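Note that this is a predicted model, so its numbers are computed, not measured.
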Protein chains: 2
Amino acid sequence: MIADGPKEQAKRAGATIGEFIREQREQAEVSVRQLARLAGVSNPYLSQIERGLRKPSAEILAQIAKGLRISAEQLYLRAGILEFRDGDPELVSAILADEGLGERQKQVLIDIYESFHRENAQLLAAAESEAPETPAAAVDSSPVTTHRNQPHPTPAGK
Amino acid sequence: MIADGPKEQAKRAGATIGEFIREQREQAEVSVRQLARLAGVSNPYLSQIERGLRKPSAEILAQIAKGLRISAEQLYLRAGILEFRDGDPELVSAILADEGLGERQKQVLIDIYESFHRENAQLLAAAESEAPETPAAAVDSSPVTTHRNQPHPTPAGK
DNA sequence: GACTAGTGCTAGCAAAAGCAAGCGCTCAGC
DNA sequence: GCTGAGCGCTTGCTTTTGCTAGCACTAGTC
């Protein structure tokens, strides 16, 4: 499962996963201590993880994911525990092809997906017009801000 | 992600994963030393894992999976690192890989997708229990008659 | 019998993971 | 000024992980 060079992979993963956790934490606008408390890990250890000084176990990653309110798989992917699965170029097509969903459920999912995309695109455009000298920062901060403001649709499809 | 009682879960996982690895090894008719060599871990450590004396990291599990020629995800599931997911694991991966979404938006989509699947599974079960004498009518009225993929994630072995 | 090859496991150790205690710093309030 | 609260990080410790060296045992060959 580990493609090649477990040591190199782990080293790259160490830098990647720590940066990713920090990004998510900053987007959520919580401090190291706050996230550590939410996640149930020690704050020095979280700090070390973010700086790539430690390689956390899957269990710790799951706890951090819980604190960040994201799925553990996302952290596993970036930590190299799971592999990205290529193959589906179009998410909409994949949704439509899923035989475990009713047609209306498919439409609900597609609508939500597309509305997320539209909002992200609008925020990205607005951020670029406001801050043309820092486009990376604008991209990083936009999706979470949008998600916060968007009311959750209830899964009512039948 | 960890459902309940991380300590109890880990303890049960310790017994479960070790027994599972031993079963797979015995089915493959290889010795502890042979599998250890194939997997690139020490044979005493593999023996300890099988007997539940140690809790191996995801990296070690991935190596053992490679030696057993099974997917690492199977071992992760039994070790409690991954949880079973409703629906198509490839669709979940596609959502996670979509770069036009924020991480929390991805989580929202996955949650909704899974809840749809659970609803459909329940409706399918109810339809099958209600209409044993008219199977054709039950098939027509159910939103989804067949589910292509099993709830298990597909093996990612390469 | 001795020897070899293989078996699973014990014991002890080094390295790594994860933690608690505490540091120096910044900021707000008095 | 002082104090308290919060910040991220350092340090040292305990526990856990994963390993090496080696043991006792079995089976086969001479």
B/R69, CZ: over 12 other non-hydrogen atoms inside 6.0 angstrom: no

Can you tell me how far [atom2] of [N] sits from [atom1] of [X], to the nearest Å?
X     : N      : atom1 : atom2 : value
B/R37 : C/dG8  : CZ    : C1'   : 15 Å
A/E29 : D/dG6  : CD    : C1'   : 17 Å
A/Y45 : C/dA20 : OH    : P     : 13 Å
B/L53 : D/dT16 : CG    : C1'   : 13 Å
B/L35 : C/dC9  : CG    : C1'   : 16 Å
A/E59 : C/dC19 : CD    : C1'   : 14 Å
A/R51 : D/dT11 : CZ    : P     : 11 Å
B/I49 : D/dT16 : CD1   : P     : 16 Å

With a 4.0 Å cutoff (strictly under), does any side-chain N or O of [X] reach OP1 or OP2 of [N]?
X     : N      : answer
B/S47 : C/dC9  : yes
A/Q63 : C/dG18 : no
B/R54 : C/dT10 : no
B/Q48 : C/dG8  : no

[Y] backbone acceptor or donor facing [X] side chain under 3.5 Å:
X      : Y     : answer
B/K106 : B/I95 : no
B/R104 : A/L68 : yes
B/Y76  : A/I81 : yes

Polar contact flag, side-chain donor to acceptor under 3.5 angstrom, A/Q34-A/N43: no

Donor-acceptor pair (no angle test) under 3.5 Å: A/N43 side chain, D/dC7 base: no

Closest nucleotide among D/dC9, C/dA17, C/dG18 to the A/K55 side chain: C/dA17

B/R33 side-chain proximity, nearest of D/dT20, D/dG22, D/dG18: D/dG22

Residue mapping more 5' on DNA chain D - nearest nucleotide basis, A/V32 or B/L46: A/V32

Most 5' of B/S31 and B/P44 on DNA chain C, judged by nearest nucleotide: B/S31

